[in-house]
There are 4 protein chains.
Amino acid sequence: MGAVKPPSERVQRKRGKRIQEILTAAAELFGERGYDAVSLEHVAERLDVTKGSLYYYFSSKDELGTAAIETLGDEWTARLEHLLERTEGTPEVRLRALIHEHVTVAVNDYPAALRLFLMPREWPSAQRERIKELRLRHDALFRALIEEGLASGEFAVTSVDTVLQCMHAAMSQAPTWCGELPPAARGKAVDEVADTLMALVHIGQLGR
Amino acid sequence: MGAVKPPSERVQRKRGKRIQEILTAAAELFGERGYDAVSLEHVAERLDVTKGSLYYYFSSKDELGTAAIETLGDEWTARLEHLLERTEGTPEVRLRALIHEHVTVAVNDYPAALRLFLMPREWPSAQRERIKELRLRHDALFRALIEEGLASGEFAVTSVDTVLQCMHAAMSQAPTWCGELPPAARGKAVDEVADTLMALVHIGQLGR
Amino acid sequence: MGAVKPPSERVQRKRGKRIQEILTAAAELFGERGYDAVSLEHVAERLDVTKGSLYYYFSSKDELGTAAIETLGDEWTARLEHLLERTEGTPEVRLRALIHEHVTVAVNDYPAALRLFLMPREWPSAQRERIKELRLRHDALFRALIEEGLASGEFAVTSVDTVLQCMHAAMSQAPTWCGELPPAARGKAVDEVADTLMALVHIGQLGR
Amino acid sequence: MGAVKPPSERVQRKRGKRIQEILTAAAELFGERGYDAVSLEHVAERLDVTKGSLYYYFSSKDELGTAAIETLGDEWTARLEHLLERTEGTPEVRLRALIHEHVTVAVNDYPAALRLFLMPREWPSAQRERIKELRLRHDALFRALIEEGLASGEFAVTSVDTVLQCMHAAMSQAPTWCGELPPAARGKAVDEVADTLMALVHIGQLGR
DNA sequence: GATGAATGAGATTTCATTCAT
DNA sequence: AATGAATGAAATCTCATTCAT
């Protein structure tokens, strides 16, 4: 009788891979043009499949959108966490590395996708919550470093929350303007952003 | 038949007022949800008018969008210019006032509309150019002050362009998070933003 | 400013008329082929308009479906009520007239629409309730007459509810088979149905 | 290569059993919601199988539909025929038993499937013919008994055809309302239906 | 035998736009 | 100036059907 056997591991893996492909394409497009401006036709076209296929994996555009954001956020945070694991040094050194990595990833690998996090209102309310969570997890990395630096007297700020918000806003916006520079100039631009933003944790301090 | 009478002044004024009402409503909505997510139906509804009426004043959604941005940008810049006219003091003082005013306006008066400027890619290409111009004019105010401060040795930065971009990004994003605070707490939040962002023009300097 | 003036009476009437046209066409089609088998394209085609226009009056297929049923039920019941007003006589006479009218209307005027009432499960749950209400109102007419006859000793039944159900089922199904007869034969068929169904209220009685 | 082995008997039986399972599930669903409202996905889900598997047994939805009806009709008629074989007595007694059995089966065993026969227009035309045939065979049982009763003077009707139609309609509709009663009350309800419908063959007769 | 994946046709729905009044 | 009505193109979504494995 129709006892469903659970799909084999190989099949599972393949399905997961396909889903990742879709999510990547979707996240790119959503990041490039915004959720509403991207039609499923666009997504399907980029993947060279038909619209219908997308519905085999996601039951609505909303769901695809949420999943795309989620994957993106997860991957992003994972990369930042990984960077911190292999970076030694003072909070100063590590925070700068974190900012630098964040902007690098944004500019080079997801040239436009970060904006997904910037416009929470654009999303149906179900997604908004999820986005906020991702944002929190992401912020936590920066927050921990900043607090470490504050504890050691290395940093000085007016308000940790405000610094986080400003940093996040600037980093997220970076690809918009760095993307317009010739590739050769981007490395320098990213460095400047990192240097500039580091000033936010040295408010009113003596020069270092 | 008789020559067409040019519309009386009174009629002209009335028309202008109506147009302003429409533009305000449109700018708010576009800012809240993004250009694509807003239908003319939404705009008409907020104005308690029918869709068709909008076409009496604007010949397309694009045009309405452009006009909304333009008006918003003009008014905004005018307010900032006006502030500078009545503010005396060092570049430090005046820049801080400028930032403070910018964020205040954003948070209090156009709680949602500022984001219009953040996402140039979301707009049809015709609008994109116009937005860039507005942005330039807006940036010019800040740039002049910063350069003044640099000339006098009061400020120090890694790169003026980078500072401008970071400042702009943070200020534009501010309403998103300040808007979630209880109104009583907003004043303090805006102050903190201003203080925090001022650090961007004191990079690596001795404490002030 | 955009104070909406309520639409003029003439406009209101026109709108109402248009809506009736749509509902009639829709009810016919739904009755002919079933709710699911009818696409809005079909409805639009029969009315010689585009799909989009239907959405000007009804915000979804569901809503159109519900409204179609409702109108149909209202009109139907009104005709039966009107018949009773102008018919004098014993419950026997009046009940027979009621049955006859019901079947006549079904066969001649709404050749297929009655089935809408027969398949409540085919409808989304929101509609099911509405259909039940209509059914109750409709049944009330028959029930009152039957109870009158029972009180006077003219009728005898095993169970009023059961009689109502059987009557309703048979009357609703009638168009399905009478519709296949040549038009000339239909009058006789309807008469036979009425005579046959009258037996249901004379259960176990002496001959009359 | 070797000649294709005809499938062993055991395999054949298994296949037959599987087909029966599918047909039962399909008939239930079609009866519950109507042919069009049921997707193969629904059918597959109820069987805990994938859509594709259904195509191993049936080459199209149409074919599945036809087969479902046919099986149902066959089984149904067989049960009625079997009942008649073991029931002795006057046409009165036997007809009542037949009605009672029909409604019992409908209410208890195929709570929803009977409506399949009520709405021939809903079906693709290929099926419609087949349905009519089944209906004829089914009617034949009732018709024979009625004519026997008429011949013996036990029954009196206005028109055999009309009586058959009314009976059939009422019996088919019965599960719709009896299904809503608490199970304990159903037995009585079925009895009442049988008693009530028997009146149809005693039109204008002296009480019995 | 059965499954997961994919397709393509068609259904529902949205929306910028036009137009007669 | 403004409205109600209508349109048509495009977007979201559904589903019977096919097929490689």
Side-chain angles (χ1 to χ4, degrees), chain A residues 2-8 10-12 14-15 18 36-44 47-62 64, chain B residues 7 11 14-15 18 36 38-44 47-64, chain C residues 2-8 10-12 14-15 18 36-44 47-62 64, chain D residues 7 11 14-15 18 36 38-44 47-64:
Chain A
V4 254
K5 43 177 166 184
S8 81
R10 202 180 62 77
V11 169
Q12 284 262 12
K14 210 166 160 190
R15 181 180 173 90
R18 195 86 185 88
D36 295 286
V38 172
S39 79
L40 293 188
E41 185 72 46
H42 293 323
V43 180
L47 287 161
D48 214 13
V49 294
T50 54
K51 275 173 295 178
S53 301
L54 299 180
Y55 280 88
Y56 182 70
Y57 296 97
F58 300 95
S59 62
S60 70
K61 188 185 176 186
D62 256 36
L64 174 57
Chain B
V11 167
K14 206 168 158 196
R15 180 179 169 91
R18 195 89 188 83
D36 293 290
V38 171
S39 76
L40 291 188
E41 190 71 48
H42 292 323
V43 180
L47 288 161
D48 218 357
V49 153
T50 53
K51 254 188 307 185
S53 301
L54 299 180
Y55 278 86
Y56 182 73
Y57 295 99
F58 301 95
S59 65
S60 72
K61 189 187 176 185
D62 260 34
E63 199 182 296
L64 173 58
Chain C
V4 255
K5 43 177 166 183
S8 81
R10 201 179 63 78
V11 169
Q12 283 263 13
K14 210 167 162 191
R15 181 178 172 90
R18 195 85 185 88
D36 295 286
V38 172
S39 78
L40 292 188
E41 186 72 46
H42 293 323
V43 180
L47 287 161
D48 213 13
V49 293
T50 55
K51 275 173 294 175
S53 301
L54 299 180
Y55 280 87
Y56 182 71
Y57 296 97
F58 300 94
S59 62
S60 71
K61 189 184 175 187
D62 256 36
L64 174 57
Chain D
V11 168
K14 207 167 157 196
R15 180 179 168 90
R18 194 88 191 85
D36 292 291
V38 172
S39 76
L40 290 188
E41 190 71 49
H42 292 323
V43 179
L47 288 161
D48 217 356
V49 154
T50 53
K51 254 190 303 186
S53 301
L54 299 180
Y55 277 86
Y56 182 76
Y57 296 99
F58 301 95
S59 64
S60 71
K61 188 186 176 185
D62 259 33
E63 198 182 298
L64 173 58

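Naming convention: chains lettered A, B, ... in sequence-line order (proteins, then strands); numbering from 1 in each chain.
For D:R18, the side-chain atoms get nearest to E:dA2 when compared with the rest of F:dG4, E:dA2, F:dA1.
Among residues two or more places apart in sequence or in another chain, the salt bridge (Lys or Arg N to Asp or Glu O under 4.0 Å) test is passed with D:K51 by D:E41. C:S39 pairs by the side chain to side chain donor-acceptor pair (under 3.5 Å) definition with nothing, not counting sequence neighbours. Residues passing the side chain to side chain donor-acceptor pair (under 3.5 Å) test with B:S59, sequence neighbours excluded: B:E63. Considering only residues two or more places apart in sequence or on other chains, C:R18 meets the side chain to side chain donor-acceptor pair (under 3.5 Å) condition with C:E21. With sequence neighbours left out, D:S60 forms a side chain to side chain donor-acceptor pair (under 3.5 Å) with no residue at all.
Rounded to a whole angstrom, the distance from the C1' atom of E:dG1 to that of F:dT21 is 12 Å.
In this structure, the CG atom of D:L54 is 14 Å from the P atom of E:dG1, given to the nearest Å. Nucleotide E:dA2 holds its P atom 7 Å from the OH atom of D:Y56, rounded to whole Å. Straight-line distance from the CZ atom of A:R15 to the C1' atom of E:dA5: 9 Å, rounded to whole Å. We find that CG of A:D48 is positioned 18 Å from P of E:dA5, with the value rounded to whole Å.
Taken together, the paired segments of DNA chain F that extend over three or more consecutive Watson-Crick or G-U pairs, each closer than 3.5 Å at both contacts, are E:2-21 with F:2-21.
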Task: Base versus backbone protein contacts along nucleotides 11-21 of chain E [heavy-atom cut-off under 4.0 Å; B, S, -] - done: SBBBSBBB---
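Nearest heavy-atom pair, A:A44 versus A:T50, reported as atom, atom and distance to 0.1 Å: CB-C, 3.8 Å. Closest approach of C:K61 to C:L40, counting heavy atoms only: CG-CD2, 3.9 Å. Scanning both residues, A:A37 and B:D36, for their nearest heavy atoms gives CB-OD2, 3.4 Å.
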